[in-house]
A.B. asks: 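One structure follows; several queries about it will come next.
Remember, predicted model here, so these are calculated numbers, not experimental data.
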Amino acid sequence: MTQRQKAAIKTGALALILAFGTALAGCGSNADTPNAAAGEDSSAATAVGESGTSATSADSANETSAETRVVKGEFGDVTIPAHPKRPAGIYLEDYMVALGVTPVVQWYHPSWGIQDYLKLDVPQFDISGSPEALLAQQPDLIMVDGGVDQAGYETYSKIAPTYRLPESVLQDSKQILLAVADALGIPEKGQEVLDKYEQIVADDKAKLEETVGGETVAVLRLNGGDKTLALFGIKNRYTGSLYSELGLTPHPLVGEMEDYQQIISEEGLADLDADHIFIFPASGDWDSEENKEAEQIMDRAVWKSLKAVQNDHVYVVERSYWQSGGIQANMLKFEDVMKHLAP
């Protein structure tokens, strides 16, 4: 094949991808939303005949088959590399980092920024725009979570084999971890990371039982744009682990919530007599102009009357990992909790 023919093929593929680009712009991250079965790993060596040449085409086909496997995703079966070398994990980089795997890109959104806590030094992929930046990194596997719908999935599938995690695992970060590890061909590493995680949880939970017991906890987010406070419920994917895993006691307003989060009115805020409150901004830093204006909520008499405020039990925390439900993010949240509640 000539260089001109190769260039034509590459250009044609790019044009096809870009034609679907707008599908991705509508696929945002599920604000509050995690068992793929572990397949056998196998490596195939190229068969060589007595003359030193490659084996028959049948042997080559067997080799190719051995280097791929089929996994069942939310939108059906997909053939993926048995041991991907250039994986991308849209919304799933947290789990990849936990497993010691560096993604070829990190997702980015102009309104949300990136997950700074991961400290990745890789090209950024704007999920609200064209997939060209992702295509340029030539991934051999793309993994996505519930933030990607059928249209987005089909767009990504034009770039590389795409595994959309089953909906059945998306509410549990531990199941997501194992599913990602399996897709990457390293299920044993996934179990190793999970075992360490569960040991940390057990140790932290035991200490918290001694230090705070049944004292109540609430998590608030300052929404700078509309100058409101959002109360995160017990089922919130980002912060629910504080209650379900660390065993902290949710304030009744939190424990009774069916929604992942709710804007809390001034009247509702007056009823938030939690012993401890964790708070972070929705975006940007606390010293941004937008957040400084919104922070005036905390100058109101109703805020100053809260039990946690009066007892100096309001804890300002970093937004990026408090708005993620990943394994790495959870461990960082747990460090914050231990710092403030069990120093």
A.B. asks: Keeping K72 on the side-chain end and P166 on the backbone end, is there a donor-acceptor pair under 3.5 Å?
C.D. replies: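 Side chain of K72 to backbone of P166, a donor-acceptor pair under 3.5 Å: no, none is there.
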A.B. asks: Which of parallel (below 30°), tilted (30 to 60°) and perpendicular (above 60°) describes W112 and W107?
C.D. replies: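 Perpendicular, since the angle between the ring planes exceeds 60°.
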A.B. asks: Between V316 and L248, is there shared hydrophobic-cluster membership here, with clusters defined by ILVMFWY side-chain heavy atoms closer than 4.5 Å?
C.D. replies: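 As far as the 4.5 Å side-chain criterion goes, L248 and V316 are connected within one cluster.
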A.B. asks: Any chance you could pull the hydrophobic cluster mates of I114, using side-chain heavy atoms under 4.5 angstrom and chaining through other members?
C.D. replies: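 Direct or chained contacts put I114 with Y108.
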A.B. asks: Would a distance-only check, ignoring hydrogens and angles, find a side-chain to backbone donor-acceptor pair under 3.5 Å from E74 to E167?
C.D. replies: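 At least one qualifying donor-acceptor pair exists.
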A.B. asks: Crowded around K307 NZ? As in, over 12 foreign heavy atoms under 6.0 Å?
C.D. replies: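 Atom NZ in K307 is packed in, count exceeds 12.
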A.B. asks: With H251, which of L272, I277, I234, V217 fulfils side-chain contact (heavy atoms from CB on, under 4.5 Å)?
C.D. replies: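 So the option named by the test is L272.
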A.B. asks: So that I know where these two stand, are F280 and F232 an aromatic pair - ring centroids less than 6.0 Å apart?
C.D. replies: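 Ring-ring flag for F280/F232: true, centres closer than 6.0 Å.
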A.B. asks: Looking at D312, I want to see if its CG is surrounded by more than 12 non-hydrogen atoms of other residues, nucleotides or ligands under 6.0 Å.
C.D. replies: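 Open.
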A.B. asks: Taking the basic N atoms (NZ, or NE/NH1/NH2) and the acidic carboxylate oxygens, is any pair closer than 4.0 Å for R300 and E266?
C.D. replies: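 Salt bridge between R300 and E266, a charged N being under 4.0 Å from a carboxylate O: yes.
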A.B. asks: Hey, is K196 close enough to E192 for a salt bridge, meaning N to O under 4.0 Å?
C.D. replies: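 The answer is yes: the pair qualifies as a salt bridge.
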A.B. asks: Would you say N330's side chain and S241's backbone share a donor-acceptor pair under 3.5 angstrom?
C.D. replies: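 No, the answer is negative, given that no donor and acceptor are paired below the 3.5 Å cut-off.
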A.B. asks: Is the side chain of D77 donor-acceptor paired with the backbone N or O of V70 at a distance under 3.5 Å, no angle test?
C.D. replies: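 No; zero donor-acceptor contacts below 3.5 Å.
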A.B. asks: Looking only at the aromatic ring of each residue, does the gap between the centers of F278 and W322 stay below 6.0 angstrom?
C.D. replies: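 Aromatic pair counts; centres sit under 6.0 Å.
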A.B. asks: I would like to know whether V337 and L208 meet side chain to side chain contact (heavy atoms under 4.5 Å, CB included); could you show each step before the answer?
C.D. replies: CA-CA 9 Å; V337 169; L208 289 167; 4.0 Å; yes
A.B. asks: In plain terms, say whether D182 and K189 are close enough for a salt bridge, that is, a side-chain N and a carboxylate O under 4.0 Å apart.
C.D. replies: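 The answer is no: the pair does not qualify as a salt bridge.
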A.B. asks: At their closest point, which heavy atom of Y117 faces which heavy atom of S324, and how far apart are they?
C.D. replies: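 Nearest pair, atom of Y117 first, then S324: OH-OG, 3.1 Å.
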A.B. asks: Decide yes or no on side-chain hydrogen bond (donor to acceptor under 3.5 Å, both in side chains) for Y321 and D336, but give the supporting numbers first.
C.D. replies: CA-CA 11 Å; Y321 56 84; D336 285 347; 2.8 Å; yes
